[in-house]
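Heavy atoms only: backbone and side chains are in, while hydrogens, waters and symmetry mates are out. Residue numbers start from 1 in every chain, and the chains themselves are labelled A, B, ... in the order their sequence lines are given, proteins ahead of strands.
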Amino acid sequence: MPDQVKRLSVIFILVISALVIVRYLLIPPTFGKLGHYRARALEDAKALPVKYAGREACLECHDDVGDALGKSYHRGLSCEVCHGPGAKHVKSEGDVELVVPGKRKDCLRCHQFLSSRPTGFPQVDPLQHNPVKPCITCHDPHEPGPPRAPADCSGCHTTIAKIKGVSRHVSLKCETCHTTKAQHKLDPRKFRASIPAEREFCGKCHAKKAKGSSDIPQVDIRLHGGRYLCWECHNPHNPQGE
Amino acid sequence: MKKEKNTIKRREFLRKLAEGASAAGLLWLLPEGIAYGVFVSEHAGENAEHYYGMGIYVDRCIGCGKCVNACKNENNVPREPFFFRTWVERYVIFEDGEVKVDSPAGGAEGFPPLDSEKTNKPVIKSFFVPKLCNHCDNPPCVQVCPVGATFKSPEGVVLVDADYCIGCRYCIQACPYGARYLNPQTKTADKCTFCYHRLARGFLPACVEICPTRARVFADLKKRSNPLQRLMRLAEVHTLKPDLNTEPKVYYANLDGEVR
């Protein structure tokens, strides 16, 4: 064998074994088993710790809270949306304390009025709705809803009652214009109050020749205001205008 | 004269030989799978037990941002307000056709009232859109990874192998949805995993678990009855940027055309 071939083959063997070693070092085991990746990475990803234990886990020890919550408006909420990740709390059987969110801002996170929120979602204006007091002085976070049926319409329809209180219609009771079942105060959405439907309703007091006090200003309801409903021009709760 | 010619030839021959050998060696250095794995779309779902997807009812989202928070807690996403695996955007569509999108801190702390509630510019509508990795069936991020550190799992979940990622950011650039970021702690690419570790234990992803209005639903597409059924039946379903052919597996119901 010529010398140069010998030398060349030595070099070749060296290079090839170097490549073998480099390849061995560079390509992790399990690479390519399932696809163009390290199959072991799936196991690594699965092994990460869980922080949110889920509502079922909480119910094992707090079934009283779970029962209450399950029947309330908050039934769709996970415990941990308010109390934070609870896996450690569960594991330590209560030793690791959880957040107990009692501030107004904790509730307002979901209930502050934002025009971008879907219509129908219960929202409050924090400046109008019982300012300063923490929400949980009136609402049970696990059983939210109206705390008790307020005796008066103004307990809930505060703004309307306030406006009407300083208007020309101050002497009229809400029930004069709205018929309400008693249950409206307990479940307002299911038992709706009525709203006057046509202009003749206002005519009972305001039409020419209507019976009643002569102080009541009268108009010819056939002509006055054209075919519009009266409350398209007059706010019924504040008839003399803003 | 003759001799010189010969030397040149031999040198050239040796050089060519070395070149050829190293090229072959380099090719062989590449892990197997490259030939079929990267460029041919894998249909990993075909023999997997599960195949996951998510549905989002846009009209249920109240923008509380609790999902963003839960995601950060569950997955150790840095608290800084520019790293997210999931985030919530607020769309505001004005009467004059202008569309504004904001997402302060990704929505992690909720949203303040609209500015326009002060300026009185008339708004036609406004709504929230939760976003996250779409776990594309045809993921562009996976195609660009030079080392095979990001991939589609047999369940259709696009994952990052943090031990193997070299932090080159190609995938971050390649993602048309901005769903990836470079984790400053690990210096590797990071993204939504559908909470792969939770799925493995039979839990829902943290954002789905926490959503108070069931705006997010999670489904195993292999199951005939899954929560996406109703979404597909009742609403017009959209995916984001469908024209890119990425085939997202996050499905939006009642999504406004302005959202991209």
Engineer: Out of B:G110, B:A70, B:P112, B:A200, which one racks up the most heavy-atom pairs below 4.5 Å with chain A?
Structural biologist: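 Going by pairs under 4.5 Å, I would pick B:A70.
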Engineer: For B:E209 and A:R55, work out which heavy atoms get closest and say how close.
Structural biologist: OE2-N, 3.4 Å
Engineer: Heavy-atom distance under 4.5 Å to chain A: side chain of B:R90, backbone, both or neither?
Structural biologist: side chain
Engineer: With only heavy atoms counted, which part of B:R201 is less than 4.5 Å from chain A, the side chain, the backbone, both or neither?
Structural biologist: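 Side chain of B:R201 only, per the 4.5 Å heavy-atom cut-off to chain A.
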Engineer: Please output the residues of residues 75-96 of chain A in contact with chain B, using a heavy-atom cutoff of under 4.5 Å, in numerical order.
Structural biologist: A:G76, A:L77, A:S78, A:E80, A:V81, A:P85
Engineer: Please report the interatomic distance NZ(A:K51) to CG(B:N76), rounded to the nearest 0.5 Å.
Structural biologist: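 It comes to 3.5 Å.
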Engineer: Hey, what's the ring geometry for A:Y37 with B:F151, parallel, tilted or perpendicular (30° and 60° as the breaks)?
Structural biologist: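 If you compare the ring of A:Y37 with that of B:F151, the planes turn out parallel.
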Engineer: Side chain, backbone, both or neither: which part of B:I210 has a heavy atom under 4.5 Å from chain A?
Structural biologist: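 Looking at B:I210, backbone and side chain both touch chain A.
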Engineer: Tell me which of these, B:E74, B:E109, B:K66, has more heavy-atom pairs under 4.5 Å with chain A than the rest.
Structural biologist: B:E74
Engineer: With chain A as the partner, which of B:V157, B:N75, B:D161 has the greatest number of non-hydrogen pairs under 4.5 Å?
Structural biologist: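 Max contact count across the listed options: B:D161.
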Engineer: Which region of B:C67, side chain (C-beta onward) or backbone (N, CA, C, O), has a non-hydrogen atom less than 4.5 Å from a non-hydrogen atom of chain A, or is it both or neither?
Structural biologist: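 No part of it gets close to chain A.
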Engineer: Which atoms of A:A53 are under 4.5 Å from chain B, going by heavy atoms: the side chain, the backbone, both sets, or neither?
Structural biologist: backbone
Engineer: Could you look at B:C211 and say if it's the side chain, the backbone, both or neither that has a heavy atom under 4.5 Å from chain A?
Structural biologist: backbone
Engineer: Are B:P113 and A:Q112 packed together at the side-chain level, in the sense that at least one heavy-atom pair is separated by less than 4.5 angstrom?
Structural biologist: yes
Engineer: Using side-chain heavy atoms (C-beta onward) and a distance below 4.5 Å, is B:Y164 in contact with A:P28?
Structural biologist: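 A side-chain contact exists here, since the closest heavy-atom pair is under 4.5 Å.
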Engineer: Select one option (side chain, backbone, both, neither) describing which atoms of B:A206 are under 4.5 Å from chain A's heavy atoms.
Structural biologist: side chain
Engineer: Take A:R38 and B:D163 through the test salt bridge (Lys or Arg N to Asp or Glu O under 4.0 Å) and record every step on the way to the result.
Structural biologist: CA-CA 10 Å; A:R38 214 166 54 95; B:D163 284 349; 3.7 Å; yes
Engineer: Go through the atoms of A:E56 and report whether side chain, backbone, both or neither lie under 4.5 Å from a heavy atom of chain B.
Structural biologist: neither
Engineer: Which atoms of A:Y52 are under 4.5 Å from chain B, going by heavy atoms: the side chain, the backbone, both sets, or neither?
Structural biologist: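 Both parts, backbone and side chain.
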Engineer: Is it the backbone or the side chain of B:D59 that comes under 4.5 Å from a heavy atom of chain A, or both, or neither?
Structural biologist: backbone
Engineer: Could you tell me which non-hydrogen atom of A:F31 sits nearest to which non-hydrogen atom of B:G148, and how far apart they are?
Structural biologist: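 Smallest interatomic distance, heavy atoms only, reads CE1-O, 3.9 Å.
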Engineer: Which residue out of B:G63, B:G65, B:S126, B:C195 racks up the most heavy-atom pairs below 4.5 Å with chain A?
Structural biologist: B:S126
Engineer: For the interface with chain B, which of A:K46, A:H111, A:R109, A:R117 has the highest count of heavy-atom pairs at distances below 4.5 Å?
Structural biologist: A:R109
Engineer: Near A:Y228 OH, under 6.0 Å, is it more than 12 heavy atoms from other residues, nucleotides or ligands?
Structural biologist: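 No, the 6.0 Å shell around OH holds no more than 12 heavy atoms from other groups.
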Engineer: Do other residues, nucleotides or ligands put more than 12 heavy atoms under 6.0 Å from the CZ atom of A:F121?
Structural biologist: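 Atom CZ in A:F121 is packed in, count exceeds 12.
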Engineer: Please say whether more than 12 non-hydrogen atoms of neighbouring residues, nucleotides or ligands are located less than 6.0 Å from CZ in A:R168.
Structural biologist: no
Engineer: Of all the heavy-atom pairs spanning B:H197 and A:P49, show the shortest one and how long it is.
Structural biologist: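 Shortest heavy-atom separation between B:H197 and A:P49 comes out as CD2-O, 3.3 Å.
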Engineer: Please check if the number of heavy atoms outside B:I124 that lie under 6.0 Å from its CD1 is greater than 12.
Structural biologist: yes
Engineer: Give a yes or no on this: more than 12 heavy atoms of other residues, nucleotides or ligands lie within 6.0 Å of atom CD of A:E60.
Structural biologist: no
